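This is a predicted model, so every value here is computed, not measured. No hydrogens, no waters, no symmetry mates; every other heavy atom, side chains included, goes into these values.
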Amino acid sequence: MQLMVIKTDSCEKDAANGCVHVLNNSTPFPTLDHKGRTLFIAYKTLGVVFGGLVTSPLYVYPSMQLKSPTEENYLGIFSIMFWTLSLIGLVKYASIAVRADDQGEGGTFALYSLLCRKININILSSKRSCANSCTTEKQSKLGKFFEESLVARRLLLFIAILGMCMLIGDGVLTPAISVLSAMDGIRAPFPSITKTWVEILSAVVLIALFLLQKYGTSRVSFLFSPIMGAWTLTTPLVGIFSIIKHYPSIYKAISPHYIFTFFWRNGKEGWLLLSGTILCITGSEAMFADLGHFNKSSIQIAFLFTIYPSLVLTYAGQTAYLIRNPNDHKDGFYKFIPSAVYWPMFVVSTLAAIVASQSLISATFSIIKQSVALDYFPRVKIVHTSTRQEGEVYSPEVNYILMVLCVAVILIFGDGSEIGNAFGVVVTMVMLITTTLLTLVMIIVWRTPPVLAALYFVVFFVMEGVYVSSVFTKIPEGGWIPFAISLILAFIMFCWFYGRQRKIEYELTNRIDMDRLKTLLSDPGIQRVPGLCFFYTKIQDGLTPVFGHYLKNMKSLHTITVFTTLRYIMVAKVPPHERIIVSKLGLKGVYGCIVQYGYADSLSLEGVDFVLQVTDGLQNQVRDLFDQAQSTTSLDEEIAGIKEAKLAGVVHVRGKTRFHISKSSSWFDRNMIAFYEVLHSNCRSALPALGIPLPHCIEVGMRYEV
């Protein structure tokens with residue numbers, strides 16, 4: 001599940017409002033016609049989007065704690081799975097959710113983004129921005145409620161963040177349960193191999209998979225779709241064989257009558273079994289979350305014509321076998337595989353489990369990268385492993401944390417049923433959060449008739465709520481793992497984002513515009529010292545308060561001062577002539593510089609190359625201005641000044657800000673900012689990748705009072 005989410009330039013002014021802008025990064029295939037291109041993309045989705053969903057038959061039945069199951073029980077379970085796949089998979093995600101894209105992007109944050117641009121959901125208590133307050137469109141009652149309630153706005157952001165963190169939790173559990181379930185097939189032909197050895201072997205496979213992440217997946221990604229295509233084709237064929245051989249009338253269970261009969265006979269036990277049946281829809285969120293890399297039509301075609309029938313036939317075949325062999329549910333997948341094709345299916349299932357794991361690992365890297373770019377997550381190292389695919393990234397810190405967690409889950413919990421309990425928490429919570437946010441989008445953004453919005457909410461919220469109530473009974477039995485991980489991550493992300501928003505709010509409120517800069521520099525006490533200074537600022541419509549603090553205390557400014565802003569652009573490499581943009585700010589010796597870089601660019605300012613490019617750009621800018629004025633009076637003098645400043649020495653100045661929490665701050669501010677300060681003290685520096693030589697770097701400390 002790879003989401004292409006970045007903050008655009010236009011979002012900087014709205015950053016204090018928590019506004020998220022989402023861009024479409026899908027890549028066209030110009031050599032094919034439209035229909036052929038759609039089919040080709042649909043084929044590619046098999047290896048990326050549906051890895052988790054289509055491999056779910058490996059662990060659904062083994063995760064159920066069945067006690068002396070009967071034919072009626074199995075028919076009821078299959079009926080529940082069929083209607084879960086049909087309603088949640090086909091209706092909710094493939095038909096409705098994929099239409100709620102935000103400029104081509106999907107996922108819980110895309111829904112939050114839609115709401116963000118429609119109503120003021122600023123999590124700070126300051127006044128709303130003009131972009132929101134000046135709109136003349138009549139707001140819905142629900143929209144007005146969120147605009148008037150600070151608690152509701154903060155809760156909404158936390159829910160959106162929690163949904164994203166649940167997907168990160170998915171990145172821990174999918175590799176563990178998929179590989180463990182696939183490798184468990186080796187025990188049938190070799191009974192002497194114990195469960196412990198299967199767990200150790202699974203852990204070794206996962207460790208190898210994580211250690212290979214730093215090399216990227218470009219060289220092997222072309223195999224993902226063929227592997228998943230083989231899995232998607234072979235499992236329903238085995239299912240059809242099993243249906244014909246064991247229970248040809250299995251499809252009578254499509255009738256909802258068997259669901260009511262199942263709950264009537266089993267009562268509480270039937271309700272508890274829902275924590276296992278929900279795993280049949282594992283990975284369905286990817287249909288919505290991966291819209292940015294594919295398109296709506298391709299995902300719908302792939303699900304409707306391959307994934308959905310494949311899952312229905314596979315589960316029908318498994319159920320048909322189990323009806324005749326009711327006590328084999330603990331190994332419900334491999335037991336229903338005919339012996340003639342056992343080893344080929346073992347190889348295909350193991351490869352499919354690895355591909356599904358890789359998809360979730362890559363998605364976790366992508367989510368972390370986007371969260372860092374949007375200031376929702378503390379800064380970690382992000383490495384691009386491909387110059388062709390922006391979404392192919394790798395984070396060493398995240399990778400090794402995931403590896404430790406995955407291996408720990410396997411070695412500590414081991415039993416597939418306990419990992420299944422944990423998995424169920426992730427699946428149900430993500431679905432419930434999506435339903436809630438999608439309902440808000442229907443009412444506030446789409447202006448859907450209240451009856452239809454209420455019908456959607458009641459049907460899916462009640463259905464998923466029942467699943468959640470069952471899954472939550474499994475929290476003591478392993479379900480606490482992803483819940484704890486997700487809550488911790490969500491709290492970290494919320495605190496970090498809140499702290500960053502308070503910082504941006506302070507800087508925008510106290511920024512130094514050009515008029516104030518002229519006033520400051522007109523002070524006769526300010527001395528101009530020889531040298532070239534690069535002063536880094538994040539504000540493009542002014543300067544940060546750090547500069548005023550610096551000028552007030554140092555009482556000096558270099559003869560040539562270049563206010564430098566770094567701008568991230570969604571391209572592989574920025575052309576050399578567009579990478580560095582310089583401009584004269586109208587004051588003597590004061591210039592502006594924007595450094596633009598793409599995801600495959602090496603952002604390093606070490607050495608003389610960067611300084612040379614900037615000074616050359618400054619000289620060209622000066623020449624252009626004098627040519628337009630048709631004057632050469634002081635041209636030589638200004639160019640000479642630039643050269644002399646460069647020879648006198650180069651220094652890079654950046655701010656290092658901290659918060660000062662006043663006694664008048666609310667308890668919420670005190671706690672959020674205090675935790676943000678802890679995170680800020682332990683995360684990577686904002687400019688570590690620039691490679692600025694330490695002797696040329698100066699950090700100016702300043703405290704922002706809140």
Side-chain angles (χ1 to χ4, degrees), residues 7 9 12-13 15-16 372-375 378-379 496-514 516-517 519-521 523 526 529 531-558 560-568 585 587 589-595 597 603-606 610-611 614 649-662 673-674 676-706:
K7 187 187 294 182
D9 297 336
E12 291 198 9
K13 294 182 181 180
V372 171
L374 286 169
D375 267 347
R379 291 180 291 270
W496 179 264
F497 181 71
Y498 184 81
R500 301 299 291 177
Q501 294 306 296
R502 289 305 304 264
K503 181 178 179 180
I504 291 173
E505 181 188 44
Y506 183 91
E507 291 180 343
L508 290 176
T509 304
N510 298 277
R511 71 171 180 243
I512 300 173
D513 56 23
M514 294 307 300
R516 188 180 172 199
L517 178 61
T519 303
L520 290 173
L521 295 182
D523 185 350
I526 302 297
V529 297
L532 173 60
C533 172
F534 291 91
F535 203 106
Y536 292 89
T537 176
K538 292 183 178 180
I539 301 177
Q540 295 186 18
D541 295 334
L543 305 177
T544 63
V546 174
F547 177 71
H549 179 68
Y550 170 81
L551 204 59
K552 178 182 177 181
N553 290 276
M554 299 299 292
K555 296 294 184 181
S556 65
L557 187 68
H558 288 76
I560 300 296
T561 301
V562 183
F563 294 104
T564 308
T565 301
L566 305 179
R567 178 187 291 172
Y568 178 76
L585 298 183
L587 297 172
V590 179
Y591 302 88
C593 174
I594 297 177
V595 181
Y597 63 99
L603 185 60
S604 176
L605 307 186
E606 189 170 0
F610 170 72
V611 176
V614 173
V650 179
V651 65
H652 300 261
V653 181
R654 52 158 294 194
K656 188 174 181 65
T657 58
R658 302 293 296 268
F659 281 110
H660 172 70
I661 306 173
S662 64
I673 298 301
Y676 167 80
E677 285 294 294
V678 173
L679 295 174
H680 189 265
S681 300
N682 291 279
C683 74
R684 286 179 177 267
S685 171
L687 299 176
L690 296 180
I692 300 172
L694 289 178
H696 297 169
C697 183
I698 295 177
E699 291 185 340
V700 180
M702 181 179 178
R703 288 188 174 272
Y704 290 174
E705 186 172 356
V706 294

Is any side-chain heavy atom of [X] closer than 4.5 Å to a side-chain heavy atom of [Y]?
X	Y	value
Val529	His558	yes
Val614	Phe534	yes
Val546	Tyr704	yes
Lys503	Phe659	yes
Phe563	Leu543	yes

Find the distance between [atom1] ([X]) and [atom2] ([Y]) and round it off to the nearest 0.5 Å.
X	Y	atom1	atom2	result
Ile504	Thr509	CD1	OG1	11.5 Å
Leu557	Phe547	CG	CZ	5.0 Å
Glu507	Ile512	CD	CD1	11.0 Å
Glu699	Met702	CD	CE	15.5 Å
Leu551	Asp523	CG	CG	8.0 Å
His549	Asn510	NE2	CG	13.0 Å

Could you work out, with ring pair (Phe, Tyr, Trp, His ring centres under 6.0 Å) as the rule, every residue matching His680, not counting sequence neighbours?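 Applying ring pair (Phe, Tyr, Trp, His ring centres under 6.0 Å) to His680 gives Tyr676.
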When the ring planes of His652 and Tyr536 are compared, do they come out parallel, tilted or perpendicular, using 30° and 60° as the limits?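 Parallel: the ring planes of His652 and Tyr536 meet at under 30°.
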Could you walk me through whether Leu521 and Val590 pass side chain to side chain contact (heavy atoms under 4.5 Å, CB included), step by step? CA-CA 10 Å; Leu521 295 182; Val590 179; 4.0 Å; yes
Answer yes or no: are there more than 12 heavy-atom neighbours, outside Met554 itself, under 6.0 Å from its atom CE?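 At most 12 heavy atoms, drawn from other residues, nucleotides or ligands, come within 6.0 Å of this atom.
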Minimum heavy-atom distance [X]-[Y], with the two atoms named:
X	Y	value
Trp496	Leu679	CE3-CB, 3.8 Å
Tyr550	Ser556	CE2-O, 3.9 Å
Val653	Cys533	CG2-SG, 3.7 Å

Could you tell me which residues satisfy side-chain contact (heavy atoms from CB on, under 4.5 Å) with Ser681, sequence neighbours excluded, listed by chain and number?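 With sequence neighbours excluded, Ser681 shows a side-chain contact (heavy atoms from CB on, under 4.5 Å) to Arg658, given in chain and number order.
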